[in-house]
Structure formats: C-alpha cells, structure tokens
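Protein chains get the first letters and strands the later ones, always in sequence-line order, with residue 1 at the start of each. We use all heavy atoms of the structure for the numbers below, so side chains are in, but hydrogens, waters and symmetry mates are not.
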Protein chains: 2
Amino acid sequence: MARISNTKNSTRKEVITLAAARLFREKGFSATGMRDLAGDVGVEAASLYNHIRSKSELLQEICFRIANAFTAQLNELETDQKTTSIQKIEAVVRFHIRMWIDRLDEVLVANNESKYLEEPYHATFMNERRIYVRRLEMIIEQGIRDGQIRIIEPYAVVLTLLSAVRGIEFWHRTKKNISAAQLEESMVANLIGGLKK
Amino acid sequence: MARISNTKNSTRKEVITLAAARLFREKGFSATGMRDLAGDVGVEAASLYNHIRSKSELLQEICFRIANAFTAQLNELETDQKTTSIQKIEAVVRFHIRMWIDRLDEVLVANNESKYLEEPYHATFMNERRIYVRRLEMIIEQGIRDGQIRIIEPYAVVLTLLSAVRGIEFWHRTKKNISAAQLEESMVANLIGGLKK
DNA sequence: AAAAAATGCTAACAACTGTTAGCATTTTCC
DNA sequence: GGAAAATGCTAACAGTTGTTAGCATTTTTT
C-alpha cells in the first residue's frame with residue numbers, strides 16, 4: 001500500500017495536480033486516463049478520489065491558478081504609476097516568458113486544454129482572459145497617446161505579444177546552445193525593439 | 001439513406017476530412033468520436049469507413065497537407081535569388097498569417113493535434129518541422145551577414161515569428177472592428193518593423 | 001492503547017470507444 | 001436494363017472511460 005508522498009509545502013492533492021499538469025500537457029486532457037495519472041503517482045485509480053473530487057477539478061485547479069498568476073502580476077504592475085507604458089509592456093512580456101520557461105506544463109494546459117473546462121468554469125476562464133487582453137490593450141493605447149509607442153493597432157499588438165512567447169514550448173523540447181536568459185533577452189529585443197536594423 | 005454530398009472539386013473523402021478538421025480543432029482529436037464526425041456529415045459512423053481507413057488517417061491527411069503547403073511556399077521562395085533576406089522573412093510571415101486566417105481549422109490541428117499521429121508519421125512530421133525551422137534560421141543568418149538584420153539570436157527570432165501569428169486564433173473568435181487585411185499589416189509591421197518609435 | 005481520521009485496495013458499473021461483418025440499397029457503367 | 005461498383009445501414013465486438021461502493025490498513029489524535 002504505497003502512499004502518495006507529501007511534504008510540508010506540498011499536500012497530496014498538490015502532488016496529484018502537478019502530475020496531472022504534466023500528463024495533460026503531454027497527452028492532452030481527454031487522452032489522459034485516471035489510471036495513467038494514478039500510475040504516475042504510484043497508486044490505484046480509485047485511491048485518487050480520496051484527494052480530489054474529479055478529473056475536471058484538476059483541470060480547473062491548473063487553469064485558474066495560472067490565470068490568477070497573470071492577473072496578479074498585472075494588478076501589481078498597474079499600481080506603480082512611475083513606470084512608462086513601454087516599461088509596463090516589457091515587464092508583462094518578461095513575466096510571460098518566465099512563466100513559459102518555469103511552469104511550462106501548467107501554462108500549456110491553461111492555453112490548450114481550457115476548452116475542456118465544464119460550465120460555468122469555461123465561460124469564466126474565457127471572460128477573465130478577455131478582460132486581461134483588454135487591460136493590456138489599454139496600456140498600449142496609453143503608450144500611443146504619450147507618443148512613446150508608434151501608431152499601431154493595439155489589439156493586434158497584444159495578440160502578437162501574447163502568442164509570440166509560445167515559441168518557448170519548442171525551445172523546451174530541444175534545449176540547445178541558447179540559455180533561458182539569452183532566450184528572454186532575444187525575445188524581448190525582438191518583440192519590443194523590432195527586427196530591422 | 002442520406003448520402004454525403006460531393007462535388008466535382010471535392011470528393012466525399014475530402015468532405016469528411018474537412019469536417020474532421022473542424023471537429024478536431026473544436027473538441028480535440030481524442031475527444032472527437034467517429035459518431036460525432038458521422039453526425040456532422042449526415043451519416044452513420046460505420047459508413048465513414050467506406051471512404052477512410054481510420055480516424056488516424058484523417059489526422060495524417062490534415063497534418064501533412066498543411067506541412068506540405070508551408071514547405072512548398074518556402075521552396076518556391078528560395079528559388080528566387082533576387083529577394084533579400086528581409087523580404088523573404090516578410091513573405092514567409094505573410095504566408096503564415098494568410099494560412100492562419102484562411103485555413104484556421106487545419107493549421108490549428110497540425111499545430112495542436114499532431115502529437116496524436118501514430119508512428120512513424122509523428123516522427124516524420126516533427127522532423128519536417130525541425131528542418132523547416134532550420135531553413136528559416138538560415139535566412140535570418142544570411143540577413144545578419146548581409147548587415148540587413150541586426151545581430152540577434154536567429155533561433156529565438158524564428159520561434160517568435162512562427163508563434164506570434166498564432167494570435168490570429170483569438171482574432172477569429174471575436175471578429176471585430178479590425179479586418180483581415182488590417183490585422184496582417186499590423187502584425188507584419190509589429191514583427192518586422194518593431195514596436196518602439 | 002483505544003478511537004477517529006486518512007488513505008489505500010479490489011471489484012464493479014454503465015457509458016462510450018474505434019472498428020468490422022454482413023447485408024440492403026443506390027448509383028454508375030456498358 | 002442488367003451487372004458491377006459504390007455507399008449506406010444495423011448490430012455487434014472487445015477495450016477503455018470516470019467514478020462509486022465496500023472494506024482493509026495505516027496514521028494521527030486523544
């Protein structure tokens with residue numbers, strides 16, 4: 001009767017959730033079975049239900065934890081009145097890059113598997129996302145008004161920035177010459193500074 | 001006994017494949033049942049097998065058709081010796097944008113569901129992708145040597161460019177003020193021209 | 001050390017999966 | 001119009017799915 005190992009900082013539910021994040025990313029939510037997950041944490045499938053309510057609950061946990069992390073960073077950022085629009089956008093981009101580097105499993109699940117959230121969670125998640133994008137648009141708009149950002153479609157900019165960092169997924173697959181720090185600097189330079197000489 | 005409608009330019013297999021692309025995108029490959037697909041084309045599940053070999057075959061069809069489209073464009077582009085590196089990169093980016101706008105279903109399936117390809121198809125697909133990325137890197141490298149592109153990590157640039165256009169997925173969801181042409185120009189300006197004033 | 005709580009196990013369920021067999025009907029071809 | 005090909009249907013298969021019930025064991029608390 002092997003127990004799920006837990007530490008002071010990590011409940012058994014937490015261990016299961018992180019294992020689920022890895023599996024949901026690798027195999028997708030639908031293709032991941034509770035028996036896969038149980039095997040990964042070293043237990044029978046039925047035993048999982050002493051710690052979680054359902055497979056869906058795991059997905060909710062993962063998705064909203066990530067959504068909250070992004071929202072919290074933006075909240076904190078907006079309280080600082082001294083930073084310029086460009087600086088704010090750069091801080092957001094850097095935060096996204098680090099999240100994609102440090103917490104790839106969860107971030108990818110929140111991006112790719114959130115469609116399997118049940119209602120009303122799915123609607124809530126999509127709505128939070130919409131609001132988040134809108135808030136970023138407003139920062140861009142402010143930067144344009146201040147003459148700091150050249151005149152450009154704010155919506156397109158935000159879509160571009162938020163998607164561009166997804167390339168990090170492939171960097172993970174083939175960890176090569178380039179380090180995380182290098183990758184971050186190159187991406188920031190490319191996205192904020194532009195490509196042309 | 002309702003037949004699957006077909007036209008001169010579109011075999012029944014083609015009709016099924018495009019319906020599959022839409023469902024695979026919406027619900028994911030694993031969560032899409034053959035009975036869903038059958039219902040969508042107005043037929044019983046078993047009847048599909050008069051036209052296709054398996055569910056997997058549909059995924060292969062979709063993924064490699066898209067992969068071939070991108071490779072073909074790059075082949076054509078590279079035969080033209082008159083274009084500069086920047087022009088080539090811009091042409092590639094524009095092609096990606098148009099593919100994401102015009103053939104969203106198939107492109108998204110090739111991106112998100114290719115992991116469900118069986119071997120050896122999955123390995124082949126990933127390899128083709130790797131080679132494609134490498135070829136783009138070489139164009140960037142050439143541009144740097146020519147002094148046309150500022151010194152920057154080519155691998156990071158390619159990852160950024162190829163991922164940035166994925167933002168179009170969300171544009172599709174909320175077709176708003178901004179037109180496809182506007183979106184393309186904004187993205188190109190942002191990615192090629194840079195953000196800073 | 002006894003009682004209570006936590007955690008694990010096996011067995012089972014109903015629903016759903018992709019696919020095949022066998023047969024009926026419609027369309028295409030000569 | 002008759003033969004051959006194409007396409008559809010129903011029924012069924014073996015396997016897998018998430019989850020629950022009931023019970024055994026271990027850990028924690030008193």
Side-chain angles (χ1 to χ4, degrees), chain A residues 1-8 10-21 23-24 26-63 109 113 115-119 121-122, chain B residues 1-24 26-63 109 113 115-119 121-122:
Chain A
M1 194 176 285
R3 287 209 145 192
I4 300 174
S5 65
N6 67 329
T7 69
K8 204 156 200 173
S10 177
T11 66
R12 282 176 238 271
K13 181 169 180 177
E14 177 69 10
V15 172
I16 295 172
T17 305
L18 287 181
L23 283 175
F24 290 170
E26 277 178 8
K27 316 175 55 143
F29 177 76
S30 296
T32 298
M34 296 306 276
R35 288 158 185 85
D36 295 332
L37 177 56
D40 242 45
V41 300
V43 109
E44 290 300 317
S47 306
L48 295 172
Y49 288 85
N50 286 317
H51 307 280
I52 64 167
R53 251 180 293 277
S54 66
K55 188 184 176 187
S56 262
E57 189 205 22
L58 288 170
L59 184 61
Q60 291 158 26
E61 203 91 35
I62 297 165
C63 289
V109 168
E113 316 295 327
K115 64 181 162 206
Y116 300 108
L117 285 169
E118 294 169 349
E119 296 303 344
Y121 300 102
H122 183 251
Chain B
M1 192 176 292
R3 286 213 147 191
I4 299 173
S5 65
N6 67 331
T7 68
K8 204 156 201 173
N9 301 336
S10 176
T11 66
R12 282 177 238 268
K13 181 170 181 176
E14 178 70 9
V15 171
I16 295 172
T17 304
L18 287 182
R22 223 202 69 228
L23 283 175
F24 290 170
E26 277 177 9
K27 317 176 54 143
F29 178 75
S30 296
T32 299
M34 297 306 277
R35 288 160 184 86
D36 295 331
L37 178 55
D40 242 46
V41 300
V43 108
E44 291 299 318
S47 306
L48 295 172
Y49 289 85
N50 286 318
H51 306 281
I52 64 167
R53 248 180 295 275
S54 65
K55 187 185 176 186
S56 262
E57 189 203 24
L58 288 171
L59 184 60
Q60 291 158 28
E61 204 91 36
I62 296 165
C63 289
V109 169
E113 315 295 326
K115 62 180 163 207
Y116 300 108
L117 285 169
E118 293 169 350
E119 296 302 345
Y121 299 102
H122 182 252

Query raised in the report: Using a cut-off of less than 4.0 Å, is there contact between a side-chain N or O of B:S47 and OP1 or OP2 of D:dC9?
Result: yes
Query - Length of the NZ-P vector between A:K27 and D:dT16, whole Å - result: 12 Å
**Report entry** Closest nucleotide among D:dT10, D:dT7, C:dG8 to the B:E44 side chain
**Finding:** D:dT10
Query raised in the report: Less than 4.5 Å apart, any side-chain heavy atom of A:L48 and any of A:V41?
Result: yes
Query raised in the report: Taking atom P of C:dT19 as reference, at what distance in whole Å does atom CZ of B:R53 sit?
Result: 12 Å
Query raised in the report: For B:Y121, what residues pass the ring-ring contact (aromatic ring centres under 6.0 Å, His included) criterion, not counting sequence neighbours?
Result: none
Report task. Provide, to the nearest angstrom, the distance between the CD atom belonging to B:E118 and the C1' atom belonging to C:dG18. Result -> 11 Å
Query raised in the report: The side chain of B:N50 lies closest to which of these nucleotides: C:dC9, D:dT7, C:dT20?
Result: D:dT7
Report task. Could you state the atom-to-atom distance from CG of B:L48 to C1' of D:dC9 in whole Å? Result -> 12 Å
Query - Atom-pair distance (NE2 on B:H51; C1' on D:dA6), nearest Å - result: 8 Å
Report task. Let me know the distance between CG of A:L37 and C1' of D:dT16, rounded to the nearest Å. Result -> 16 Å
Report task. Walk me through it: do B:F29 and B:K115 pass the test side chain to side chain contact (heavy atoms under 4.5 Å, CB included)? Result -> CA-CA 10 Å; B:F29 178 75; B:K115 62 180 163 207; over 6 Å; no
Requested in this report: Quick one: label A:S30 by what it contacts on the DNA or RNA (base, sugar-phosphate, nothing), any heavy atom closer than 4.0 Å.
Outcome: nothing
Query raised in the report: Among D:dT10, D:dT20, C:dT19, which is the nearest nucleotide to the side chain of B:M34?
Result: C:dT19
Query - Ion pair B:E61/B:R53, N-O distance below 4.0 Å - result: no
Query raised in the report: Starting at CD1 of A:I52 and ending at C1' of C:dT7, how long is that distance when rounded to a whole Å?
Result: 14 Å
Query raised in the report: Run the side chain to side chain contact (heavy atoms under 4.5 Å, CB included) check on B:T32 and B:E113 step by step: do they pass?
Result: CA-CA 11 Å; B:T32 299; B:E113 315 295 326; over 6 Å; no
**Report entry** Closest to side chain of B:S54, choosing from C:dA11, D:dG18, C:dT19
**Finding:** C:dT19
Query raised in the report: Once you round it to whole Å, what is the distance between P of C:dT17 and OH of B:Y116?
Result: 15 Å
Query raised in the report: Hey, does A:T32 reach any base, or is it just sugar-phosphate, or nothing, if we go heavy atoms under 4.0 Å?
Result: sugar-phosphate
**Report entry** Minimum side-chain heavy-atom gap A:L37-A:L58 below 4.5 Å
**Finding:** yes
**Report entry** Degree of bending, the helix from C:dA1-D:dT30 to C:dC30-D:dG1 (end axes from five pairs; round to 10°)
**Finding:** 30°
Is there any protein nitrogen or oxygen under 3.5 Å from a nitrogen or oxygen in nucleotides 12-16 of chain C, and what are the pairs?
none

